[in-house]
Enquirer: 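Here it is: the structure, laid out below.
Note that the structure is a prediction, hence the values are computed from the model and not measured.
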Amino acid sequence: MGSTSNPSMPRPSTPAGRDGLAAFLARPGKALVALDFDGTLADIVPDPERARAHPGAVPALAALAPRVASVAVITGRPAEVAVRYGGFAGVPGLDHLVVLGHYGAERWDAVSGTVRAAPAHPGVAAVRAELPAFLERAGARPGTWIEEKGRAVAVHTRRAEDPQAAFEALVVPLGELAARHGLVLEPGRLVLELRPPGIDKGVALTEYVRETGAESVVFAGDDLGDLPAFAAVDQLRADGVPGLLVCSGSAEVTEVAARADLLVPGPAGVVDLLSALARTAG
């Protein structure tokens, strides 16, 4: 059993976070560690197709996973893409890793190497067909581009001359487009995602906690899409399951930092935290 006085272990800033860390350290074999991918395990890059897990992420996860109840990656990306970009397949120690893609609509299990998926929402195909002409009519700024995500579609403004202004100009029209096709608009770090309603990282996390029977939870994220998972951990705490909320970086999305128990400096900080948890849990 570890101790929160370990000098290599960051100290959460909140009592609830300290309780969550203490519960993890007391019984790591009953703990679930869940993480977002982009911005948490992988650095944010201008082209999402070039995102890759931090070089230390897989070794840290492989060291930690055998010591805890489960490790899960919960992402808005397709599960297969997150597995490929993360380099998670066939890694010793990650035999039971689970990747919950598309906010839980897809699931990849390392033990089988297969993806299971819920039926696709028809509104996504309709938006996909309409979006290029829609953005042109809406006056989207140069550098705005569309990312195909399979069960969702995203519009990025990070490459625009004024990324934040380009982002803000599209929030209302894209929200109206999403609603017309029965979808929801999910804002993120200079990205607006149109996706089916009723699925989010909070639902995915809560269902997986129930499945595993985890007695404590660590969740790390960096973006607005991670806030439902933060809310889920808050509810789990109220139900008697201690939890630790970690924010990976804090400059772009201050709402996440404000809700977190522990701030770490981006994916490198997440890797350091995972390594410290693995050492202490050992």
Side-chain angles (χ1 to χ4, degrees), residues 2-25 28 31-45 51-65 67-68 70-77 82 85-88 94 97 188-190 201-202 205 216-234 236-237 242-282:
S3 167
T4 55
S5 64
N6 187 319
S8 67
M9 184 71 66
R11 179 175 171 80
S13 62
T14 66
R18 291 191 287 274
D19 288 346
L21 179 58
F24 173 94
L25 296 175
L32 166 64
V33 178
L35 309 110
D36 168 49
F37 185 73
D38 292 280
T40 302
L41 289 175
D43 286 309
I44 296 292
V45 292
R52 297 294 184 270
H54 183 282
V58 167
L61 289 170
L64 177 63
R67 296 172 167 83
V68 298
S70 186
V71 172
V73 175
I74 307 179
T75 175
R77 286 187 182 271
Y85 290 4
F88 300 137
L94 293 184
L97 175 72
R189 294 170 69 172
L190 300 176
K201 292 183 182 182
L205 177 60
S216 67
V217 181
V218 177
F219 179 79
D222 73 304
D223 206 347
L224 295 175
D226 297 309
L227 289 177
F230 275 43
V233 172
D234 285 339
L236 287 165
R237 291 182 201 185
L244 172 65
L245 291 169
V246 180
C247 174
S248 170
S250 60
E252 285 193 348
V253 188
T254 55
E255 295 95 328
V256 178
R259 292 280 300 278
D261 307 305
L262 179 64
L263 304 180
V264 298
V270 172
V271 167
D272 288 344
L273 175 63
L274 294 173
S275 299
L277 292 174
R279 288 192 299 270
T280 311

Enquirer: Side-chain contact, heavy-atom cut-off 4.5 Å: Asp38 with Ile44?
Expert: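 Of all side-chain heavy-atom pairs linking Ile44 with Asp38, at least one is under 4.5 Å.
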
Enquirer: Table please: side-chain donor-acceptor pairs of residues 223-232 below 3.5 Å, with sequence neighbours left out.
Expert:
{"unit_1": "Asp223", "atom_1": "OD1", "unit_2": "Arg189", "atom_2": "N", "d": "3.2"}
{"unit_1": "Asp223", "atom_1": "OD2", "unit_2": "Arg189", "atom_2": "N", "d": "2.9"}
{"unit_1": "Asp226", "atom_1": "OD1", "unit_2": "Lys201", "atom_2": "NZ", "d": "2.7"}
{"unit_1": "Asp226", "atom_1": "OD2", "unit_2": "Asp222", "atom_2": "N", "d": "2.8"}
{"unit_1": "Asp226", "atom_1": "OD2", "unit_2": "Asp223", "atom_2": "N", "d": "2.9"}

Enquirer: Would a 4.5 Å heavy-atom cut-off, applied to side chains only, mark Phe88 and Leu41 as touching?
Expert: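 A side-chain contact under 4.5 Å exists here.
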
Enquirer: With sequence neighbours left out, write down each residue that passes side chain to side chain contact (heavy atoms under 4.5 Å, CB included) with Asp234, or none if nothing qualifies.
Expert: Arg237, Leu245, Arg259

Enquirer: Just wondering, do Thr280 and Phe24 contact through their side chains at under 4.5 Å, heavy atoms?
Expert: no

Enquirer: Please name the pair of heavy atoms, one in Phe37 and one in Arg52, separated by the smallest distance, quoted to 0.1 Å.
Expert: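 Result for this residue pair: CZ-C, 4.4 Å.
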
Enquirer: List the atom pairs, with distances to 0.1 Å, where a side-chain N or O of residues 54-64 and a protein N or O form a donor-acceptor pair under 3.5 Å, not counting sequence neighbours.
Expert:
{"unit_1": "His54", "atom_1": "ND1", "unit_2": "Gly56", "atom_2": "N", "d": "2.9"}

Enquirer: If a pair satisfies salt bridge (charged side-chain N to carboxylate O under 4.0 Å, His left out) and one of its residues is in residues 267-276, list it, with sequence neighbours excluded.
Expert: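 The answer is none; no pair qualifies.
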
Enquirer: For the CG atom of Asp36 and the OG1 atom of Thr75, what is their distance to the nearest 0.5 Å?
Expert: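 Here the rounded value is 6.0 Å.
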
Enquirer: With sequence neighbours left out, what residues match Ser275 under side-chain hydrogen bond (donor to acceptor under 3.5 Å, both in side chains)?
Expert: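 Applying side-chain hydrogen bond (donor to acceptor under 3.5 Å, both in side chains) to Ser275 gives none.
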
Enquirer: Please report the shortest heavy-atom distance between Gly20 and Pro242, naming the atom on each side.
Expert: CA-CB, 3.9 Å

Enquirer: For Leu262, what residues pass the side chain to side chain contact (heavy atoms under 4.5 Å, CB included) criterion, not counting sequence neighbours?
Expert: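 Leu262 satisfies side chain to side chain contact (heavy atoms under 4.5 Å, CB included) with Pro10, Leu244, Val246, Val264, Leu273 only.
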
Enquirer: In chain order, what residues pass the side chain to side chain contact (heavy atoms under 4.5 Å, CB included) check against Thr14, with sequence neighbours excluded?
Expert: Ala16, Asp261

Enquirer: Which pair of heavy atoms, one from Ala260 and one from Ser13, lies closest together, and at what distance?
Expert: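 Looks like O-OG, 4.3 Å.
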
Enquirer: Determine the minimum heavy-atom distance between Leu21 and Pro12, stating which atoms define it.
Expert: CD2-CD, 3.7 Å

